[in-house]
2 protein chains.
Amino acid sequence: MIEPTERQRFLLALVVHEYARTAAPIGSRYLVEHYNLGMSSATVRNELAALTEMGYLRQPHTSAGRVPTEEGYRYFVGRLLQETHLPETLRHTIAHQFYQMGNDVDQWMRLAASVLAHQSRAASLVTAPHPEKARLKHIELISTRGRQVLMVLVIVGGEVRQRLMTLSEPVPQDVLSAAADSLTRQFQEMDAEAIRQARVELSALERDVLDWVVEDLERAESRIAGEIYLDGLTNVLAEPEFASSEEARRALRVLEERSRLQDLLARTVLATGTVGGVQVLIGGEGTWDELRQSSVLLAQYGVPGLAIGTLGVLGPMRMAYGRTISVMRFLSGLLSDLVAETLAEGD
Amino acid sequence: MIEPTERQRFLLALVVHEYARTAAPIGSRYLVEHYNLGMSSATVRNELAALTEMGYLRQPHTSAGRVPTEEGYRYFVGRLLQETHLPETLRHTIAHQFYQMGNDVDQWMRLAASVLAHQSRAASLVTAPHPEKARLKHIELISTRGRQVLMVLVIVGGEVRQRLMTLSEPVPQDVLSAAADSLTRQFQEMDAEAIRQARVELSALERDVLDWVVEDLERAESRIAGEIYLDGLTNVLAEPEFASSEEARRALRVLEERSRLQDLLARTVLATGTVGGVQVLIGGEGTWDELRQSSVLLAQYGVPGLAIGTLGVLGPMRMAYGRTISVMRFLSGLLSDLVAETLAEGD
DNA sequence: TGTTAGCACTCTCGAGGTGAGAGTGCTAAT
DNA sequence: ATTAGCACTCTCACCTCGAGAGTGCTAACA
């Protein structure tokens, strides 16, 4: 792909920016009238024609203004984008809200999704911090009624899993507690595999419980993300490109259907275009047909090796990349700090 | 409001049914041609005119067919609706899926939302079973790092709440366990109020923990519902009345915004129109402007006094009420059984 | 008295036509 | 290399208009 000249890059950025604002094709005259370009519309026309030739812009029809192509956006995001600086007051307000919230992960996630949706004016997604390797922290067994036992499993990193199991016969609470204690002591800090290999003398009850524990740990590991929080879905419905509702439907289905979401999240690691830790998928990148009109930004947060989560934004392809990326980086940092402080204090 | 004749009722039901199917105004000729009515279109015309006069039908414009009014729907739902019988095989399949899922409440909720969305072809909502009165079942304290302690609180009924707290100084795990045990023994089966009144000799640590426990129990009680599961949001985008996307936006916002949702759920008890335990809110009932074009069905499930949850469906006003209500009643029964079996076995 | 055939009337909806306006590419002059 | 000027193209909003659907009314009929 041919490299545009300095002036062409400038104009490309201008078109991207204006198109994001107005959602209408941008013409040469419009640019000259709204910016002090120091050149005439004819010159701009020539440059726009060149950019169109190169594949960065296109015309919806012969006599319309220009609109960025996917390639145009990629070039813009990869080379031209300059980070928007978030006002200090905004950073402050947001951080304050998080710290005011105490130590409730659930609330953090909800807040993060909300902030992200508002600031980007698009649909947002946040996954709860999730351990890469699930190591046992604590087992608790609580007799509920009859043969039913509630098993509470705490994983290193703070995730709590619960499960109701039915034993073959009733077991008194003190026996359950003793079993839980014993298992906790023996297998603390171990992951599923280690537990499975470390064969130790166990009672029938303990063996049963341990099977459940291993299964649960494995399940925790196999999940690609923790709980998923969505917000701002209706934001994308407000965008003109999704007015047809059919396009909106396709795009939002990606967020609603678990399997497709997993698919998308899996992509977080295999970067296509990365800007300061934020991955930018433009127009579905040829893989996701439902996202032909949309862009998805993904970023990770957390402490590698301990627990990581994902931030995501889904919006129209003409979204405000600069601002959104800034917000995502800021939030990612903030959440990483929170995770670090909460889970690793005293390490 | 004037009472329609038998024949008028029949025709009203027909119009409601056909309009739900086709989403297009229903004319007299159409009815005569598609049903063996034993009367001519002129007669039907007269009757439709009468129903229009009474306020049960309306014409979008002078020369269009008839469409049910809100009043028409209310009359239909309240007096004319006959329950659709769900095929035995379908009931079986659904029940089977639930029982196959083991004892995982999270999965049940997800499945319930999914089934409800699919069967009603609308947006569905399910809240997790939630105790009316939060009574303590079990406390567990787990030292994580340094002064951080994870408190796991089990509420009678099976709900588990977790919370991270920071102590003023590090406390070894065995002391924490002892405190948790002691507190569990002393306050088991008591609710927040009882605990607050039952002043007992406590250590400083125990007192701190107990404060958190009380607060958490109160928080659990004050919430009007457990965790909320949504599904099928994109279903409503497919309906022609929401093609404009603006209407869709308004309606879906009700589900997205927590406060409005609470508002709506609070209505579950104060029935407006009830059909076999399913409440039907048509066109926002004058209270929710965003739902002017929509209907919302709500039903409760669970074991009163132990734990209850809510099922909900949001769809276009012309939704298939018969089928949706049947599905909701079936699901409500199923979930109630599951809750009863799971939480109250041996009672 | 209730039902029905017939008919004039009204209204929507889509097809087809038209003109203003926007934006272009090209050419020739600077 | 830049720019003014201009012919050209295409969309879009706005018409008109006729087909079609559905109505309400009237008069005949059982």
Side-chain angles (χ1 to χ4, degrees), chain A residues 2 4-12 14-16 18-19 21-69 72 240-241 243-244, chain B residues 2-12 14-19 21-69 72 240-241 243-244:
Chain A
I2 306 153
T5 67
E6 179 61 35
R7 188 165 70 179
Q8 285 166 351
R9 284 203 288 268
F10 176 69
L11 286 173
L12 176 56
L14 228 49
V15 170
V16 168
E18 277 300 306
Y19 183 61
R21 233 172 39 83
T22 62
I26 308 299
S28 56
R29 169 143 43 144
Y30 179 93
L31 287 179
V32 200
E33 276 171 7
H34 286 74
Y35 293 89
N36 259 345
L37 294 184
M39 49 185 154
S40 78
S41 69
T43 310
V44 174
R45 255 199 308 281
N46 286 330
E47 297 292 50
L48 295 187
L51 283 165
T52 307
E53 181 71 23
M54 294 179 207
Y56 296 120
L57 295 178
R58 66 186 176 83
Q59 297 176 266
H61 45 91
T62 326
S63 156
R66 258 58 176 215
V67 164
T69 60
E241 35 268 271
S244 82
Chain B
I2 308 152
E3 190 62 22
T5 67
E6 178 61 33
R7 189 165 70 177
Q8 286 165 352
R9 284 205 288 271
F10 177 68
L11 286 172
L12 175 57
L14 228 48
V15 170
V16 168
H17 181 247
E18 277 300 306
Y19 183 62
R21 233 173 38 83
T22 63
I26 308 299
S28 56
R29 170 145 39 146
Y30 179 93
L31 288 178
V32 190
E33 277 172 5
H34 287 74
Y35 294 87
N36 259 346
L37 294 185
M39 51 186 152
S40 78
S41 68
T43 310
V44 175
R45 249 192 320 275
N46 285 332
E47 297 292 50
L48 295 188
L51 283 165
T52 307
E53 181 70 23
M54 296 178 206
Y56 296 122
L57 295 178
R58 67 185 176 84
Q59 298 176 265
H61 44 89
T62 326
S63 151
R66 258 60 176 213
V67 166
T69 60
E241 35 269 271
S244 82

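All figures in this text were calculated on a predicted structure; none of them were measured in a lab. Letters A, B, ... mirror the listed sequences (proteins, then strands); counts begin at 1.
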**Item:** Between D:dG22 (P) and B:Glu18 (CD): distance, integer Å
**Value:** 13 Å
**Asked** So do B:Ile26 and B:Val67 actually touch side chain to side chain, heavy atoms under 4.5 Å?
**Response** no
**Prompt:** Without hydrogens or angle criteria, can the side chains of B:Arg66 and B:Thr52 be said to hold a donor-acceptor pair below 3.5 Å?
**Reply:** yes
**Request:** Would you name the heavy atoms of A:Gly55 and A:Thr69 that are closest together and state the gap between them?
**Result:** O-OG1, 2.6 Å
**Item:** Distance test, side-chain N/O of A:Arg66 to OP1/OP2 of C:dA22, below 4.0 Å
**Value:** no
**Fill in**
Taking C:dT12, C:dT3, D:dT3 as options, the one with an atom nearest any side-chain atom of A:Thr43 is D:dT3
**Request:** Taking atom CD of B:Glu33 as the centre, report whether more than 12 heavy atoms of other residues, nucleotides or ligands fall under 6.0 Å from it.
**Result:** yes
**Fill in**
Separation between CD (B:Gln8) and CD1 (B:Ile2), nearest 0.5 Å, reads 9.5 Å
**Prompt:** Between D:dT2 atom P and A:Glu47 atom CD, what is the distance in whole Å?
**Reply:** 7 Å
**Message:** Distance check, rounded to the nearest 0.5 Å: A:Leu31 atom CG versus A:Met39 atom CE?
**Reply:** 8.5 Å
**Residue B:His61, side-chain atoms from C-beta onward, closest of C:dC11, C:dG25, D:dT11** = C:dC11
**Euclidean distance, atom CD of residue B:Gln59 to atom P of C:dC11 [Å, nearest integer]** = 11 Å
**Asked** Given side chains that start at C-beta, do those of B:Leu51 and B:Val15 come closer than 4.5 Å, heavy atoms only?
**Response** no
**Asked** Between atom NE2 in A:His34 and atom P in C:dA22, what is the gap in whole Å?
**Response** 13 Å
**Message:** How long is the straight-line distance from CG of B:Leu11 back to OG1 of B:Thr5, given to the nearest 0.5 Å?
**Reply:** 8.0 Å
**Prompt:** Going by heavy atoms closer than 4.0 Å, what residues in residues 25-33 of chain A are next to DNA chain C?
**Reply:** A:Gly27, A:Ser28
**Message:** Would you say CZ of A:Arg29 has more than 12 non-hydrogen atoms from neighbouring residues, nucleotides or ligands within 6.0 angstrom?
**Reply:** no
**Message:** Is there a side-chain contact between A:Thr62 and the phosphate of D:dC10, meaning an N or O under 4.0 Å from OP1 or OP2?
**Reply:** yes
Enumerate the protein-to-nucleotides 4-8 of chain D contacts in which both atoms are nitrogen or oxygen and the separation is below 3.5 Å.
residue, atom, partner, partner atom, Å
D:dG5, O6, A:Arg45, NH2, 3.3

**Message:** Closest approach to the side chain of B:Leu48, judged atom by atom: which nucleotide of D:dC10, D:dT23, D:dA21 is it?
**Reply:** D:dT23
**Message:** How many whole angstroms separate atom CG of B:Leu51 from atom P of D:dG22?
**Reply:** 17 Å
**Asked** Atom CE of A:Met39 to atom C1' of D:dA1: distance rounded to whole Å?
**Response** 13 Å
**Request:** When you get a sec, tell me which of D:dC10, D:dT2, C:dC11 is the closest nucleotide to the side chain of A:Arg7?
**Result:** D:dT2
